[in-house]
Chemist: 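Quick one: the structure is below, and I'll ask about it shortly.
Numbered from 1 within each chain, the chains take letters A, B, ... in sequence-line order.
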2 protein chains.
Amino acid sequence: MSGYDITSEFKQAIGQFWSAKHSQIYVELKKLVSEELISQYIQMAGVKLEKKMYRITPKGKKELQSWLLKIDEQLETEKDVFALRVYFLKDIPSEEVLWLFFNQLKRKSEKLSFLKEQFSLHFGEKDPINLDVEELGHYFVLTKAISREENYIIWLNKSIEIIKKRIADKSFGEN
Amino acid sequence: MSGYDITSEFKQAIGQFWSAKHSQIYVELKKLVSEELISQYIQMAGVKLEKKMYRITPKGKKELQSWLLKIDEQLETEKDVFALRVYFLKDIPSEEVLWLFFNQLKRKSEKLSFLKEQFSLHFGEKDPINLDVEELGHYFVLTKAISREENYIIWLNKSIEIIKKRIADKSFGEN
DNA sequence: CTCGACATGTAAGCAGTTACATGATTGT
DNA sequence: ACAATCATGTAACTGCTTACATGTCGAG
């Protein structure tokens with residue numbers, strides 16, 4: 001793959017769990033070449049454009065495999081700015097709170113639609129039992145992304161119901 | 001609150017969605033004081049120990065409230081290293097894959113237990129309708145963290161079932 | 001008296017983004 | 001011809017972690 005290809009891949013399903021900008025990718029690729037973990041070769045794209053392609057070296061493959069089996073000492077924080085804002089709910093004007101939740105609901109619903117489209121595009125009605133190993137990794141990542149968004153939306157809806165009830169009880173923002 | 005207090009708070013529920021080390025917190029607090037968004041005062045803790053306390057200024061409160069209503073242009077990536085590893089499933093020896101998933105299941109189950117304990121400690125059987133606004137933000141964040149972990153565990157179990165079936169079919173890692 | 005928690009800081013360095021900068025290719 | 005996408009890079013800066021460093025307080 002090329003740096004550009006990697007940049008594009010981060011716009012697909014895996015981008016839900018890890019991503020980087022092209023400016024970082026090009027720098028890292030050079031670093032990996034200098035460490036002999038990957039090697040570079042040129043592929044002509046058109047007449048003049050030299051597309052720089054990279055492939056993993058045996059040394060890189062070894063490094064990758066040991067990384068894949070590594071257990072992180074601590075589970076790292078999956079940051080979520082929206083949750084951080086909700087933590088400070090008491091400082092949000094009560095009439096804005098519902099709007100904020102509905103806005104997030106809309107954005108998350110759009111993301112879910114995109115992911116489901118990706119899913120039916122790549123897997124359709126296929127049974128994961130019959131997928132080859134390469135596809136299986138992508139299948140798991142996509143189902144993970146979809147279930148994450150679905151769960152997020154369920155939580156948003158439950159929270160919206162609570163907020164609505166509190167407004168109906170006229171007690172919202174007054175306690 | 002003091003820098004130490006903030007560090008401690010990041011070990012509680014909100015730490016599931018945002019966190020920082022004390023080394024960063026102390027630097028940021030000084031920056032915020034110089035921007036006049038917070039102000040500092042001393043509280044004696046014991047005889048000699050001067051605990052540096054901070055409170056938000058009116059200017060800071062204004063800034064906070066405008067930040068709380070800010071909509072991020074793009075939803076940022078909620079990074080998850082485990083999902084990244086799963087993406088490269090084809091490079092993991094098939095006998096290790098199950099172990100990897102079970103390990104993550106164990107860790108996530110422990111996290112879920114911790115969160116549920118926090119929940120019953122702070123909210124018990126309370127109805128969120130009757131919570132005061134300050135508590136409500138914490139309630140939402142904790143329920144969000146809990147539902148996120150529950151959903152993660154469901155996905156792990158589903159994936160484990162698929163992997164087990166593939167092993168039983170003797171087709172795992174061979175396609 | 002000693003250990004664990006409380007409490008605060010600095011420095012080096014890595015990870016990652018934003019902005020700047022350039023040029024080729026393809027489809028309309 | 002023009003625009004969108006393909007394609008690659010650098011520089012400045014911010015965010016964040018790791019490691020270093022020091023000292024107090026309370027309980028047993």
Side-chain angles (χ1 to χ4, degrees), chain A residues 1-12 14-35 37-55 63 67 70-81 83-85, chain B residues 1-12 14-35 37-55 63 67 70-81 83-85:
Chain A
M1 290 171 78
S2 67
Y4 190 85
D5 295 337
I6 294 169
T7 310
S8 306
E9 196 137 328
F10 280 139
K11 286 166 190 154
Q12 307 300 311
I14 190 56
Q16 302 298 314
F17 300 107
W18 202 268
S19 191
K21 311 285 177 186
H22 79 273
S23 53
Q24 189 186 7
I25 291 165
Y26 289 120
V27 172
E28 297 295 340
L29 283 171
K30 286 192 171 175
K31 209 185 290 174
L32 289 169
V33 168
S34 80
E35 292 174 290
L37 299 171
I38 57 174
S39 64
Q40 196 197 69
Y41 63 100
I42 303 292
Q43 200 176 76
M44 295 309 295
V47 192
K48 283 178 145 186
L49 190 61
E50 297 188 339
K51 193 169 166 173
K52 294 183 182 174
M53 305 297 285
Y54 299 87
R55 63 164 65 91
E63 182 93 356
W67 179 83
K70 217 183 82 189
I71 297 300
D72 309 287
E73 351 53 61
Q74 304 191 85
L75 295 168
E76 80 290 32
T77 301
E78 292 174 47
K79 292 191 173 184
D80 183 332
V81 177
L84 188 57
R85 288 190 227 271
Chain B
M1 290 170 77
S2 67
Y4 190 86
D5 295 337
I6 295 170
T7 310
S8 307
E9 196 136 329
F10 280 138
K11 285 167 191 154
Q12 307 299 311
I14 190 56
Q16 302 298 315
F17 300 108
W18 202 269
S19 192
K21 310 285 178 188
H22 79 272
S23 53
Q24 189 187 6
I25 291 165
Y26 290 120
V27 172
E28 298 296 340
L29 283 171
K30 285 193 171 175
K31 209 186 290 175
L32 288 169
V33 168
S34 80
E35 293 175 289
L37 298 172
I38 57 174
S39 63
Q40 196 197 69
Y41 63 100
I42 303 294
Q43 201 175 76
M44 295 311 293
V47 191
K48 282 178 143 188
L49 190 60
E50 297 188 339
K51 193 169 167 174
K52 294 184 183 175
M53 304 298 283
Y54 299 89
R55 63 165 63 92
E63 183 93 355
W67 179 82
K70 217 184 83 188
I71 298 300
D72 310 288
E73 350 54 60
Q74 304 189 88
L75 295 168
E76 81 289 32
T77 300
E78 290 174 48
K79 292 191 172 181
D80 183 332
V81 177
L84 188 57
R85 288 191 228 270

Chemist: Decide, yes or no, whether a salt bridge links A:D72 with B:R85 under the criterion of side-chain N to carboxylate O below 4.0 Å.
Modeler: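 Looking at A:D72 and B:R85, the cut-off is met.
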Chemist: How long is the line joining NZ of A:K52 and P of D:dA7, in whole Å?
Modeler: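 In whole Å, D:dA7 P lies 14 Å from A:K52 NZ.
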Chemist: Check the distance between D:dT5's P and A:D5's CG and give it to me in whole angstrom.
Modeler: 17 Å
Chemist: The side chain of A:H22 is closest to which nucleotide in this list: D:dC25, C:dA15, D:dT8?
Modeler: D:dT8
Chemist: Less than 4.0 angstrom between a side-chain N/O of A:K21 and OP1 or OP2 of C:dA19, yes or no?
Modeler: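 No, outside the criterion.
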Chemist: How many whole angstroms separate atom CD of B:E50 from atom P of C:dA7?
Modeler: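 To the nearest whole Å, that distance equals 13 Å.
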Chemist: Check whether any side-chain N or O of A:S19 sits under 3.5 Å from a backbone N or O of A:G15 as a donor-acceptor pair, and report yes or no.
Modeler: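 Checked: no pair found.
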Chemist: Quick one: are B:I6 and B:H22 in side-chain contact, heavy atoms under 4.5 Å?
Modeler: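 Answer no - side chains too far apart.
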Chemist: Please tell me if B:K51 has a side-chain N or O lying less than 4.0 Å from either OP1 or OP2 of C:dA7.
Modeler: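 Result: yes.
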Chemist: Can you tell me the distance, in whole Å, between the NZ atom of B:K79 and the P atom of C:dA15?
Modeler: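 After rounding, the reported distance stands at 11 Å.
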Chemist: OP1 or OP2 of C:dT10 less than 4.0 angstrom from a side-chain nitrogen or oxygen of B:K30, does that happen here?
Modeler: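 For C:dT10, OP1 or OP2 has a side-chain N or O of B:K30 closer than 4.0 Å.
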Chemist: Looking across every strand, which nucleic acid part, if any, lies under 4.0 Å from B:S23 by heavy atom: base, sugar-phosphate, or nothing?
Modeler: base
Chemist: Decide side-chain contact (heavy atoms from CB on, under 4.5 Å) for A:F10 and A:I25; before the verdict, give the C-alpha distance in whole Å, the side-chain angles of both, and the deciding distance to 0.1 Å.
Modeler: CA-CA 11 Å; A:F10 280 139; A:I25 291 165; 3.9 Å; yes
Chemist: Looking only at side chains, do B:S2 and B:D5 share a donor and an acceptor under 3.5 Å apart?
Modeler: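 Short answer, yes.
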Chemist: Taking for each residue the nucleotide of DNA chain C bearing the nearest heavy atom, is the 5' side occupied by A:V47 or by A:A20?
Modeler: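 Comparing both residues, the 5'-ward one is A:A20.
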Chemist: Using atom CG of A:D72 as one end and atom P of D:dT18 as the other, report the distance to the nearest whole Å.
Modeler: 12 Å
Chemist: Can you measure A:E35 atom CD to C:dC14 atom C1' for me and round it to whole angstrom units?
Modeler: 13 Å
Chemist: Taking CD1 from A:I25 and P from D:dT10, how many angstroms apart are they, rounded to a whole number?
Modeler: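 So the two atoms are 14 Å apart, to the nearest Å.
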Chemist: Given C:dA15, D:dA7, C:dG9, which nucleotide is nearest the side-chain atoms of A:A45?
Modeler: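 The listed nucleotide nearest to A:A45's side chain is D:dA7.
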Chemist: From the options D:dA7, C:dA7, D:dT17, select the nucleotide whose nearest atom is closest to the side chain of B:Q24.
Modeler: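 Closest of the options to the side chain of B:Q24: D:dT17.
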Chemist: Kindly say if A:Y26 contacts the phosphate of D:dG9, meaning a side-chain N or O under 4.0 Å from OP1 or OP2.
Modeler: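 Negative; the distance criterion is not met.
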Chemist: Calculate the interatomic distance between B:Q43 atom CD and C:dT8 atom C1'; express it in whole Å.
Modeler: 15 Å
Chemist: Output yes when at least one side-chain N/O atom of B:Y4 is less than 4.0 Å from OP1 or OP2 of C:dT8, else no.
Modeler: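 No, because none of the side-chain N or O atoms of B:Y4 sits under 4.0 Å from OP1 or OP2 of C:dT8.
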Chemist: Would you say C:dA24 has OP1 or OP2 under 4.0 Å from some side-chain N or O of A:K48?
Modeler: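 Indeed, a polar side-chain atom of A:K48 lies that close.
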